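To keep things clear, I will list the structure first and then write my remarks on it.
Chain naming here is simple, since letters A, B, ... match the order of the sequence lines and numbering starts at 1 in each. Model, not experiment: these values are computed from the prediction.
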Protein chains: 4
Amino acid sequence: MKIGFIGLGNMGAGMAANLLKSGHEVTAYNRSQDKVAALAEQGARPARSVAEACEGDIVVTMLANDDAVEAVTFADDGIIASLRPGGTHVSSSTISVALSERMTAAHADAGHLFVAAPVFGRPEAAAAAKLFVVAAGAAATLQAISPVFDAIGQRTFVVSEEPKAANLVKLSGNFLIASVIESLGEAMALVSKAGVDKNEYLEILTSTLFGAPVYKTYGGLIARQEFEPAGFAAELGAKDVRLVLAAGEALQVPLPIASLLRDRFLTLLANGGANLDWSAIGALSAADAGGPRPNA
Amino acid sequence: MKIGFIGLGNMGAGMAANLLKSGHEVTAYNRSQDKVAALAEQGARPARSVAEACEGDIVVTMLANDDAVEAVTFADDGIIASLRPGGTHVSSSTISVALSERMTAAHADAGHLFVAAPVFGRPEAAAAAKLFVVAAGAAATLQAISPVFDAIGQRTFVVSEEPKAANLVKLSGNFLIASVIESLGEAMALVSKAGVDKNEYLEILTSTLFGAPVYKTYGGLIARQEFEPAGFAAELGAKDVRLVLAAGEALQVPLPIASLLRDRFLTLLANGGANLDWSAIGALSAADAGGPRPNA
Amino acid sequence: MKIGFIGLGNMGAGMAANLLKSGHEVTAYNRSQDKVAALAEQGARPARSVAEACEGDIVVTMLANDDAVEAVTFADDGIIASLRPGGTHVSSSTISVALSERMTAAHADAGHLFVAAPVFGRPEAAAAAKLFVVAAGAAATLQAISPVFDAIGQRTFVVSEEPKAANLVKLSGNFLIASVIESLGEAMALVSKAGVDKNEYLEILTSTLFGAPVYKTYGGLIARQEFEPAGFAAELGAKDVRLVLAAGEALQVPLPIASLLRDRFLTLLANGGANLDWSAIGALSAADAGGPRPNA
Amino acid sequence: MKIGFIGLGNMGAGMAANLLKSGHEVTAYNRSQDKVAALAEQGARPARSVAEACEGDIVVTMLANDDAVEAVTFADDGIIASLRPGGTHVSSSTISVALSERMTAAHADAGHLFVAAPVFGRPEAAAAAKLFVVAAGAAATLQAISPVFDAIGQRTFVVSEEPKAANLVKLSGNFLIASVIESLGEAMALVSKAGVDKNEYLEILTSTLFGAPVYKTYGGLIARQEFEPAGFAAELGAKDVRLVLAAGEALQVPLPIASLLRDRFLTLLANGGANLDWSAIGALSAADAGGPRPNA
């Protein structure tokens, strides 16, 4: 397939490379051109504009946030304006439900097909084609582009015919991760103030009922107070919690733990922790219990 | 070893049976005598009083709550009064940190050894000798009674020389389970109001980042609204959250998610849900979002 | 002074009438023209467009929400486009801090003066010229238009040279009112479940430490479960809490009670209470405690 | 009347003095005898034991907390043991609902009459006989002892025939005050970070909708960061919130703002603020927003 790929960050670079390995023709665009050059060495055709990346059948976007996706989609020379009728936009970024709705409507008006396909997994999983793809859109479209998903992930979950549902599932996943961070932070503050070693405590948890990667990864970061460098920055975590709350507001679903997480992230940001790993909110309970603040 | 065992409920019956299978001499006591008879058929010596169960080297208690443990421990003919000097009391019940402290002091005064050894695992794990034991007490005592732990569990974690630390770890584990229930309840209320199937959603979670038993078990109960019969009743969950909060208060550790869980459990209890499974608090978010209340 | 007045709702009608009574020349505009006619009988000149209301020295806007203010301000034939250079826009609506910032910048670009002057008080106070005006803007501008404030209110508080500060103070006031509603709702749920009469309880509160109008008014509505007709609808309360949280987010100030209020309002809205008085969130605690939901 | 008075702290000393001024015969007891001597100069008969203070018709207790009240009531030579049959115990301390229940039962068993009569007001009001009395108990008993209330307060509210209801009303009042402190703390953190002066802000609030003493007093303390010396110490505030939550738990009434207050007080205590005025929790929002902690 002829695929345009826009956004060659930590995640996108690996995804685009895997599309190349699967034999697709990839035209790649990134705002900073050095990343394009790196991918060109693996066989990609470099694009100097968004429009150029829209010349094939499919264009995939993997960008940092709503603003970036909105820009490449709705600009005068953006995807809406450039993609041929019948072409497909696959949006893999973690964006708001509201923006996904706007994109769905605009692409329909332009005669395009539109699919939301955010992914679960960190950069290493992206590089290893081990992502989990959460896809939503018209069944026929999803069927037609399934080779794209096969190339980048280990499994694809189709959740709805409405693209925005996939975005919501992705956001809810980040909400659940943040909930784990906060609850671990509280539990560790409690047992460690009673003299129990945090690493041994975590070993108990993950050997018994909580043997999931999310507990091992984030529990370890909290136990070791290891918040730099950030795998996922607190300001991005704050953004995703805000988007979850916005989705909850639109659907009239109160989310008390998400509300609590919002206040935690704001506390972290207000005290200089925007660039710490988002697991640093897990250190705030210990601080409230009389310990040092995470960035002090 | 000559072991007394007090409390033959769903958990205790399996634990005592496994002590017998490992070749220990077990004298068993239970308030209702029919459970004693059942164990006697497997080789246990029936005891007609707490005092009779205290005639050996070790007495293990596995009871429902603080009141029951307090009664068998401190009654005029209870364990404190009946156990020989140098004997060991192994307390496996999920009890408050404060009661554990009182027991530690009283046993020391009486010349007894005292160990807290609560367990993680459900009745099936107790029957299969697959429990996880969280033990705390003097190192020599723990060493001496390790055959008891080997007989009932698959692994023993020693967390402290102070017995109460093991009780705190156990309580914190139940707090973390309740946190998972609440966060899953919120996430499911959100995505299902957007039209995503709850079972498919759970499949995504448990196939990716949240592949721990606690997500599978409780997520399934919430998705299927299957709150009867209770595996662990809401009123017991409410009690454990209260004990966690009490421990946090004594240690001056604020626990905002535990506070939220407290209010959830009270809402459930006040609306007739005391005997539902504790996962029913995971249905309150959907109710707040306009759905039916769990016990309606 | 020659004053345009845009927005003749319950509040605006009284304010405009008082400007007339004070001798000002008022040109009035409202989307539905019947309200304009009513004011014309009191001496106002009717305007058939926003532009026509912008022909004098000052234009006052008193509209329901951000969308309405944004429309009359930024439309092609709106205030920005129509007001003469040197003219002053007095924005008295309860709007977001973000919109106030945008208006400040746009008016500066257009050579206009801009003042935010939201008011505290209900329609009766507006009719009686008894409003409290919270004003912010350049000192000289505020000085120049002080006759406007004198005509509509009993007292003017100047809080900042930045207009948005006045909007924030107004929003924070509504947050404080909602906090009173929620805390009274909790306290009344508690004492009434113990058999204390809610009206007698309120009498104790307001006779002693809580003798402010906000306790009398809202406590009475909660005690009598009198949520219709709405003096201020729940959906407007929900909106203002959202705007407070948005302001807190922009300033990185966590607001845990506001977060809690947000969830309360969403619960009320999701259960059919959008048009009830906002004091109906004060009935949710009693519902959680086993009583009926406010709109059942 | 012949009245025993136990507890001559800041509040009790004023109350006992006013009983003397009204012509009653007062026998006074206090743990530290110097306060007894001071009152003896005003005409009281000094008692050297609780029992001696129980020789009249009525004994009033005004003590700091549950432990103190429990001790003087249930000790071997305490009130239960010493008061004559038909005598009345008037409990004015702020105590738990549970202890009030226990006292009610024990006094009934002993053939005593029992009334709960906690008061609203600070030491100056106690000295000036301006307290508000919240009384509960049998109607005939309340009638009989009304001269006591007339001597110490400006108004008496009878809330129930069950003594514990009066204790609950008193606790709920302290909960409402703490709610005001927290909400003011949040609002002030918000507006002051936007550059609004906190004292001017408070002036606006108290001149308009929030003109109650509680806003003026506590708002002023927060605005001036004036937390020492404590008028009412944070650890006492923490205790009362705990008692409110305990009452809510017994009645199955979730109290989310009280839960939040609990976490605030624990944060304050854990960071060295136990002896600050309880209004210091109103400084935690500003700290979370990046400012200094109240006791730093």
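Ranked by heavy-atom pairs under 4.5 Å with chain B, the list A/Val191, A/Asp288, A/Leu251 is led by A/Leu251. Looking only at heavy-atom pairs under 4.5 Å with chain B, the residue among A/Thr217, A/Val214, A/Val244 that has the most is A/Val214. The residue among A/Ala289, A/Ala212, A/Pro256 with the most heavy atom pairs within less than 4.5 Å of chain B is A/Pro256. Among the candidates A/Val180, A/Val97, A/Leu205, A/Leu209, the residue making the largest number of heavy-atom pairs closer than 4.5 Å to chain B is A/Leu209.
Between B/Leu168 and A/Ala194 the shortest heavy-atom distance is CD2-CB, 3.3 Å. Among all heavy-atom pairs drawn from A/Glu186 and B/Ala258, the shortest one is OE1-N, 3.7 Å. Here the shortest heavy-atom pairing between B/Lys193 and A/Val253 reads CD-CG2, 3.6 Å. Across every non-hydrogen atom of A/Ser285 and B/Pro254, the tightest pair is OG-O, 4.5 Å.
Taking the ring pair (Phe, Tyr, Trp, His ring centres under 6.0 Å) definition, one finds that A/Tyr201 meets it with nothing, sequence neighbours left out.
Taking non-hydrogen atoms and a 4.5 Å limit, the residue list of residues 114-142 of chain B in contact with chain A, ordered by number, reads B/Phe120, B/Phe132, B/Val134. Below 4.5 Å, heavy atoms of chain A meet heavy atoms from B/Arg155, B/Phe157, B/Val158, B/Val159, B/Ala165, all part of residues 153-166 of chain B. Along residues 172-179 of chain B, the residues that come nearer than 4.5 angstrom to chain A, judged on non-hydrogen atoms, are B/Ser172, B/Gly173, B/Phe175, B/Leu176, B/Ile177, B/Ser179 in order of number.
Residue contact with chain A, scored on non-hydrogen atoms closer than 4.5 Å, involves the backbone and the side chain of B/Ser207 alike. Contact of B/Gln252 with chain A is made through backbone and side chain together, with heavy-atom distances under 4.5 Å. With a threshold of 4.5 angstrom between heavy atoms, B/Asp197 does not approach chain A through any atom at all. Using a 4.5 Å cut-off between heavy atoms, A/Leu184 contacts chain B through both its backbone and its side chain.
Remark: the backbone N or O of A/Ile257 is not paired with any side-chain donor or acceptor of B/Glu182 at under 3.5 angstrom.
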